[in-house]
Every structure is written in structure tokens, then in C-alpha cells.
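Below, chain A is the first sequence line, B the second, and so on; all start at residue 1.
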Protein chains: 4
Amino acid sequence: MTALPPVRLRADARRNRDKIVAAAVHAFTEDGPYLPMEEIARLAGVGVGTLYRHFPDRDALIMAVVQDSLGTMLARARAAAVDEPCAWDALIRSMSGSPEIRLALRLPNLFQPATTEVIRADPEIRRIRGELMAQIDTLVQAAQQEGTLRADVGTGDVVHLFSLLLQGMQKMPREVGEAVYERSCAIVLDGLRTRRGPLLPGGPLTLRDITE
Amino acid sequence: MTALPPVRLRADARRNRDKIVAAAVHAFTEDGPYLPMEEIARLAGVGVGTLYRHFPDRDALIMAVVQDSLGTMLARARAAAVDEPCAWDALIRSMSGSPEIRLALRLPNLFQPATTEVIRADPEIRRIRGELMAQIDTLVQAAQQEGTLRADVGTGDVVHLFSLLLQGMQKMPREVGEAVYERSCAIVLDGLRTRRGPLLPGGPLTLRDITE
Amino acid sequence: MTALPPVRLRADARRNRDKIVAAAVHAFTEDGPYLPMEEIARLAGVGVGTLYRHFPDRDALIMAVVQDSLGTMLARARAAAVDEPCAWDALIRSMSGSPEIRLALRLPNLFQPATTEVIRADPEIRRIRGELMAQIDTLVQAAQQEGTLRADVGTGDVVHLFSLLLQGMQKMPREVGEAVYERSCAIVLDGLRTRRGPLLPGGPLTLRDITE
Amino acid sequence: MTALPPVRLRADARRNRDKIVAAAVHAFTEDGPYLPMEEIARLAGVGVGTLYRHFPDRDALIMAVVQDSLGTMLARARAAAVDEPCAWDALIRSMSGSPEIRLALRLPNLFQPATTEVIRADPEIRRIRGELMAQIDTLVQAAQQEGTLRADVGTGDVVHLFSLLLQGMQKMPREVGEAVYERSCAIVLDGLRTRRGPLLPGGPLTLRDITE
DNA sequence: GATGAATGAGGCTTCATTCAT
DNA sequence: AATGAATGAAGCCTCATTCAT
């Protein structure tokens with residue numbers, strides 16, 4: 001049920017597979033993951049038959065998209081960790097930017113319960129997710145040690161808030177969405193900065209806390 | 001606080017209508033507004049025919065639910081304004097609480113574009129929405145005058161953030177959802193409190209800014 | 001299954017029954033017999049429940065309408081036979097005029113096969129039909145003896161043609177329909193008048209020929 | 001003679017399309033155009049989905065059937081005009097024969113008002129109809145000039161009468177229907193032949209008179 | 001391998017009939 | 001007895017998936 005193709009594909013087949021995933025990422029971002037399969041095929045510029053040859057059903061396609069998004073986000077987070085001298089900036093950069101990141105952060109809210117189960121069970125996705133969690137965790141702790149991120153939040157808190165902010169951009173015209181995001185993000189970042197206020201209720205959330 | 005249907009209904013019909021709207025509020029909150037009509041009828045404990053007698057199609061039902069939610073939210077906001085001596089508390093109370101409020105705040109993200117148009121065009125909904133906007137606006141300004149709410153945010157910013165926070169509770173078991181909400185809400189409130197940091201980018205958002 | 005009410009009805013019930021049949025005659029003439037039962041009730045100014053109290057299902061109502069139409073047509077044909085000195089004129093008058101006659105003559109083409117079976121089986125309808133056939137038969141023979149109607153046609157031929165002419169008025173605005181009917185009727189009457197051309201193919205049709 | 005669908009179809013799709021239209025012509029002739037779509041599909045030997053792939057809704061199918069019928073009728077009328085030395089015979093031949101002609105002549109009475117509007121609006125149908133009207137008009141005038149058709153009738157009168165005669169065959173077993181048609185047709189033709197009686201009321205009907 | 005046509009299950013809606021008021 | 005609300009079977013149409021070309 002994983003979408004990792006077992007064997008090397010012929011060059012044209014590979015190209016089609018990539019076109020389909022790219023179209024699906026885009027379509028999922030705009031319209032959610034339940035638009036007609038024919039529509040996805042059309043957007044990718046292939047026939048439905050081709051889509052189904054690469055992905056035996058909608059869940060398989062969703063899985064590939066999730067893998068792709070999480071993988072991209074992981075790569076960006078690693079790059080940010082390397083590039084940015086300041087952990088706070090690296091953290092923010094990890095959470096913003098490409099459509100894949102937006103999609104990755106919105107994943108928990110995107111699917112019907114049954115699909116969510118299938119996604120959770122996929123070993124490849126578990127693996128990428130685990131690495132991503134570790135990477136963000138590292139950044140969160142670094143930011144707390146450098147004194148920019150308040151000490152009483154966990155990775156789960158941070159990810160959850162960014163996830164919400166990105167969801168907030170949906171259903172708005174691009175320009176409006178971006179302005180709204182900028183403002184809300186600034187407010188949230190103010191809330192996340194080091195401060196002396198009272199501790200948050202409960203203990204720090206892990207990523208696991210908010211998804212299972 | 002539901003918008004009264006134009007004519008008086010027989011007692012049993014009234015009861016069924018209320019059961020249907022209540023079931024729909026609950027179902028929309030859990031699963032969104034596009035679950036099968038038969039399922040909604042089943043949850044309300046009536047046949048599909050009864051559902052359709054009261055609401056000629058899904059849009060009509062959605063409209064009734066939206067009116068009900070916004071109406072409830074308006075009533076709570078007014079009550080909070082009267083009860084609470086402190087505008088900050090009134091504001092927070094206006095944004096929390098019943099399923100109807102949660103639903104009302106999530107409305108913008110809930111529907112397909114076509115449905116959204118229909119909702120926007122409904123005069124009764126426009127009326128309630130207008131009154132609600134005015135009420136929240138009043139609370140926002142009062143909170144800013146009492147010095148608790150930072151001066152550079154608008155009603156739109158506040159509503160948008162609460163809307164996101166409530167969306168974040170979806171798809172989680174109740175307990176988890178509430179804990180996550182508590183923490184994220186505390187962070188966002190810290191971000192919203194009066195402070196001396198730099199101004200937010202752009203100008204204060206109105207509610208209209210984020211919905212049209 | 002007959003619609004003849006077994007017992008004398010209370011005056012108000014009788015009135016309702018008559019209103020329903022009258023509304024149904026009218027509605028069937030305009031829209032055919034398969035419009036919604038609620039619509040028929042509405043046109044009659046009663047609730048559906050009342051309609052169903054008088055007629056247990058659509059077929060029962062149809063039966064009552066058929067009885068009413070055929071009965072009216074029979075009465076008119078008898079009156080015409082008495083009033084008109086010339087059989088040709090009596091025949092034409094028997095075939096024209098009231099909505100009930102128009103409906104009666106269009107009956108064969110109006111119903112779905114299953115309904116047609118039920119109508120055929122009703123003893124009361126068989127009785128009225130039989131008397132009507134006898135009456136028209138008498139006029140046809142009288143017209144042939146007086147030398148106005150060509151000798152090689154039967155009652156079935158005559159009834160069939162008038163049935164068609166009346167059907168032709170449907171789906172046209174009243175004025176147009178009547179003008180068209182006048183002209184077509186004149187042409188058909190020219191074809192029916194005594195003349196010396198070749199005999200018609202086959203033998204004269206009886207009413208039975210065209211309905212069973 | 002069917003209006004060609006805009007693009008070339010795959011051989012199997014073309015075959016299915018033709019099977020569906022043929023089945024629909026047959027079914028409409030027997031049962032009218034409002035039998036269940038599933039039934040039409042079954043008669044054509046395809047699944048509902050296939051039917052809907054070719055015709056997005058019932059109206060689209062009806063349109064194709066109307067185009068097919070009118071197109072066939074036009075072809076026959078032209079062939080008759082060429083073949084028959086006598087216009088009277090050509091006219092009669094144009095009005096008899098195939099199921100498509102029978103259907104074409106019954107079209108005005110077959111549909112619900114809303115469907116009728118849609119049909120009238122279709123440009124392809126307007127075009128075929130226009131050519132057909134012109135062709136019949138020519139035959140009518142030729143028959144009047146050769147002295148066989150009475151001079152005081154118009155194309156509309158002739159078409160209307162044949163339309164009625166063909167409607168009269170419905171709802172009868174084939175054999176009976178044909179015998180009845182033969183006789184009624186002979187009577188009507190006697191009425192249409194040149195003669196010296198009084199002129200018909202009103203002026204000759206054009207085709208336009210009886211359909212718009 | 002790619003394509004797009006065919007299939008049929010499932011969701012939406014109407015309406016004949018039954019039943020509570 | 002009259003009313004109109006409730007029910008659910010049946011028709012319409014869409015779309016996930018399979019299969020012939």
C-alpha cells in the first residue's frame with residue numbers, strides 16, 4: 001500500500017508519476033484531497049488510466065503526496081538549520097514557504113478519518129515523520145537555549161500554531177491570505193517569544209500529543 | 001435564538017425541525033457540512049423525507065444552521081458584554097464555549113465556494129452577521145480603551161485567530177482537543193495583550209477584510 | 001376498487017368529493033393524470049389526507065374521473081339525440097363541447113398501461129362505456145340512413161377521429177388550439193361525408209376494435 | 001442522418017452511442033420520453049454510466065433523439081420528392097413509414113413544457129426543422145398546383161393531421177394500430193383532396209402556426 | 001504503457017401513501 | 001372527518017474504479 005515504487009521506472013513513466021504528484025499537491029492545496037480523480041488526471045495532463053496505473057486508488061495517491069510533502073518539509077528544515085545562525089529564524093523558516101510545507105502542516109485536518117488511519121499506518125510516512133519531528137525538536141530546544149523561544153512550549157505547540165496559521169490562508173484570495181497570515185503570524189510569534197508571564201497550563205506538548 | 005421560520009409550525013413539526021437543526025449543528029461540527037443527508041436525518045431520528053420537508057435542499061439546511069450558530073453567538077456576546085466588568089474577559093468569553101460558537105467561528109472555512117456564495121447572499125444571515133460584527137467591534141474597542149488589548153489589532157485579527165484556534169480542536173479526541181486549545185489560546189492571548197513591541201505590519205483588519 | 005361511494009355521504013364530505021373530482025378533471029385535462037397528488041389536493045382546496053380519505057390511491061381517483069367524464073358524455077349524447085333533428089348534427093354535438101367530453105375522448109391515450117388495465121376491469125366503467133357505445137352507434141347508423149355519413153365507416157372510426165382532433169388541441173394556447181381544431185375538424189368532416197369514391201380499406205370499425 | 005456529434009468517437013463508443021439513440025427512439029415511441037434512464041440504458045444494453053457519458057442528462061438524450069428523428073424525416077421527404085412523379089404521393093410518403101417519422105411528427109405532444117423550451121432553443125434542431133418545413137412546404141404547393149390537394153389548406157394543416165393520425169397508433173397492438181391508421185388516413189385524405197365544398201374556416205395554417 | 005470508455009454503487013431528491021394531531 | 005407532517009421506496013445523476021482499444 002505504500003506509494004514507493006518497487007522498481008526503477010522507465011523515464012517517461014517516471015515523468016508521468018512526477019507530473020501526477022505535482023498536480024495532486026497543487027490540487028490538494030487548493031481544493032482538498034477529495035476532488036474527482038479524473039480532475040486530478042486532467043490537471044496532470046494524463047488520462048485516468050495512467051493515474052491508476054501509478055496509484056491503485058485514491059489512498060495510494062494521497063500517501064505519495066503526504067510522503068512528498070513531509071519529505072520536502074524535512075529537507076527545508078535541515079537546510080534552515082544549517083543556513084541560519086539563529087535557531088529562532090531557522091524555526092520560522094522551517095514552517096513557512098513552499099506549498100509542500102503548507103500542505104504538510106495542514107495534513108492533520110485534511111482527511112477523512114478512515115484515510116487518516118491509513119496514513120498513520122504507512123511505515124514510510126512514519127519514518128519521515130519521525131525524522132521531521134526530531135529535526136523540529138532540535139530547533140525548538142536550540143531556540144529555547146538561545147533564549148528566544150519561551151521555555152514552556154513544546155514542539156507540538158509550535159507546530160500546531162503554524163499549522164493553524166497556514167490553514168487560515170485557505171479560502172482567501174492569495175493577497176488577502178498572505179496579509180492575514182503576516183499579521184496573525186506576528187501576533188503568535190509575540191506570544192511565543194521569551195517572557196516572564198505565568199507558565200502555560202499543563203506540560204509541553206510533543207508532536208505526538210496533537211495527532212494521536 | 002434561531003431565526004424563526006416564517007410561519008408557525010405544528011408542535012410536532014416544530015420539534016422535528018429543532019431536532020434536525022440540532023443534529024446538523026452537531027454533525028457539521030464533527031464531520032463538516034457535506035455528510036450524506038440520510039445520515040443527518042438518521043442522527044436527528046427522522047426520515048429523509050422529513051428533513052426535506054423542512055429544508056428543500058442541503059443549502060437550505062446549511063442556511064438554517066448558519067443562522068442558528070450566528071444567532072447563538074450573538075446572544076452570548078451580548079450576554080458577556082453585560083455580565084463581564086472587564087472587556088477583555090467579555091471578548092474571550094464571546095469567542096469560547098458552545099458548539100454553536102465554535103461552528104460560527106469556523107464558518108468561513110467550512111463550505112464549498114458555491115455554498116459560500118449562497119450563504120453570503122442570504123439577507124437574514126447578513127443581518128445577524130452585521131449585528132454580531134458590531135457587537136464584537138464594540139468589545140474590541142472597549143478592551144483597547146481599558147488597556148488590555150494591544151492597540152494595533154482589529155476585530156478581524158481577533159476573530160481570525162479564535163477561528164483558527166477552534167478549528168484546531170477538530171479531528172482530535174475531546175480531551176486532547178481541549179488541552180491543545182487551552183495552551184494555544186494562552187499563547188495567542190499573550191500575543192494579543194498590550195505590549196510595547198513594534199507595530200504589526202499593515203493596518204488593523206476589519207471582519208470584512210477576512211471574509212470578502 | 002370502484003370509486004362509487006358505498007354509502008350516502010355527509011353533505012360536507014359530498015362537497016369535498018365533488019371538488020376533488022372537478023379539480024382532477026381540470027388538472028388531468030391540462031397536465032395529464034400523473035401530476036402530484038398534493039397538487040391535485042391543493043387545486044381542490046383540500047388537504048392530501050382528505051383526498052386519500054375519498055380515494056384510497058391514484059387509481060381510485062382516476063376511476064372516478066373516468067366515470068364522471070364518460071357519464072357526462074353519455075348524458076350529452078342522449079340530449080343531442082333528442083334535441084337535434086338531424087343525426088349528423090347530433091353526432092358532431094356529441095363529440096364536442098365540454099372538458100369532460102374532451103377528456104372522455106382522450107382517455108385511451110392518457111394512461112400508463114397498468115392503469116389502463118385497471119380502468120378496463122372496472123364494472124361501473126364497463127357499464128357506462130357500453131351505454132355510451134350503444135348511443136353513439138345509434139347516431140352513426142341514423143346518420144348513415146339519413147345519407148349524411150358515408151356508409152363505410154363505423155362508430156369506432158368516428159370516435160377515433162374525434163379523439164385525435166381533441167388531442168390535437170393539447171399543448172397549444174387556447175385560441176390557437178381552437179382555431180386548429182376548427183380547421184382540422186372541417187377537413188375530417190369532409191372526409192366523413194357521404195361520397196362516391198372507393199370504399200375504405202377493411203370493414204367499419206366498432207368501438208371495441210379501437211380499444212381492445 | 002443523425003446530427004454528427006462534434007468529435008470523432010472511438011469505434012466502441014460510437015457503437016454505444018448509436019445503440020443508445022436507437023433504443024431511445026424505440027422507447028420514446030412506445031412509452032414516451034420519461035421512462036427511467038436506467039430502463040433506457042438497459043434497453044440499449046449498456047450501463048447507466050455509459051448513457052450519462054454520452055448524454056449528460058435526459059434533455060441531452062431527448063435532443064439527440066429529436067435531431068435523429070427530424071433528420072431521418074427530412075431525408076425521407078427529400079427522397080420522396082425525387083422519386084415520386086406525383087406530389088400528392090410524395091407528400092403522403094413523407095408522412096408515413098419509419099418509427100423516426102412517427103416520432104418526429106409526434107414531437108410537439110411528447111414533452112413537458114420545460115423540455116419543449118429546451119428543444120426549441122437548440123440551434124441544430126432549428127436548422128433541421130427549418131429545412132424540413134421548407135421541403136414539406138414545397139410538396140404541399142406542388143400538390144396544390146397539380147390539382148390533387150385542396151387549395152385552402154396549408155402545410156400546417158397537413159402536418160397537424162398526420163401528426164394526429166400517427167399519435168392514434170400509440171397504445172394499440174401493432175396490427176390494430178396499423179389497420180386503424182389505414183382507415184383514418186383514408187378518411188382524412190378524402191377530406192384533403194381537391195373538392196368544391198365551402199372553404200375551410202380561417203386561412204391555411206403554416207407550420208409555424210401550429211408550433212409556436 | 002497510455003488512453004479514455006464502461007460499469008455500477010451510492011448520494012440527492014421527489015412524491016405516493018400512511019398516520020398523528 | 002380534515003389536516004398536513006412523516007415515511008421510505010424509486011428515480012436521477014456522479015464518480016471511483018475496471019477494462020477494452
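- Side-chain contact between A/Phe28 and A/Arg106 is absent, with no heavy-atom pair separated by less than 4.5 Å.
- Side-chain contact between B/Lys19 and B/Val46 is present, with heavy atoms from C-beta onward closer than 4.5 Å.
- As rounded to whole Å, 13 Å separates atom P of F/dC15 from atom CZ of A/Arg42.
- Distance D/Arg14 CZ to F/dA20 C1': 19 Å, rounded to the nearest Å.
- A/Arg53 has its CZ atom 12 Å from the C1' atom of F/dC19, to the nearest Å.
- For the pair A/Thr50 and E/dT3, the criterion of a side-chain N or O lying under 4.0 Å from OP1 or OP2 is met.
- Relative to the side chain of D/Asp12, the nucleotides F/dC13, F/dT21, E/dC12 differ in distance, and F/dT21 lies closest.
- Of the candidates F/dC13, E/dA6, F/dG11, the closest approach to any side-chain atom of D/Ala13 belongs to E/dA6.
- Searching all strands for a Watson-Crick or G-U wobble partner of E/dT14 with both distances below 3.5 Å returns F/dA9.
- The nearest whole Å value for the distance from the CG atom in C/Leu61 to the P atom in E/dT17 is 11 Å.
- We find that CD of D/Glu38 is positioned 17 Å from P of F/dA9, with the value rounded to whole Å.
- Note: CG (A/Leu51) to C1' (E/dG4) measures 13 Å, nearest angstrom.
- Nearer to the 5' terminus of DNA chain E, by closest-nucleotide assignment, is the contact made by B/Leu35 (compared with the other of C/Arg58 and B/Leu35).
- Close to F/dA2, at under 4.0 Å from its OP1 or OP2, lies a side-chain N or O of C/Asn16.
- Per the geometry, OH belonging to B/Tyr34 stands 12 Å off P belonging to E/dT13, to the nearest Å.
- For the pair A/Ile40 and A/Arg58, the minimum side-chain heavy-atom distance is below 4.5 Å.
- Comparing B/Val46 and D/Pro36 against DNA chain F, the residue whose closest nucleotide sits nearer the 5' end is B/Val46.
- Under the Watson-Crick and G-U wobble criteria, each requiring two contacts below 3.5 Å, nucleotide F/dA1 is left unpaired.
- Residue D/His54 has a polar side-chain atom (N or O) positioned under 4.0 Å from OP1 or OP2 of E/dA6.
- Taking the side chain as every heavy atom from C-beta outward, C/Leu70 and C/Leu107 approach each other to under 4.5 Å.
- Comparing atom distances between the B/Val48 side chain and each of F/dC12, F/dG8, E/dA2 picks out F/dG8 as nearest.
- Looking at every heavy atom in both residues, C/Val118 comes nearest to C/Met63 through CG1-CE, 3.4 Å.
- Looking at which nucleotide of DNA chain F each of D/Met37 and D/Gly49 is closest to, the 5′-most match is held by D/Met37.
- Following rounding to the nearest Å, C/Tyr52 (OH) and E/dT18 (C1') show an atom-to-atom distance of 9 Å.
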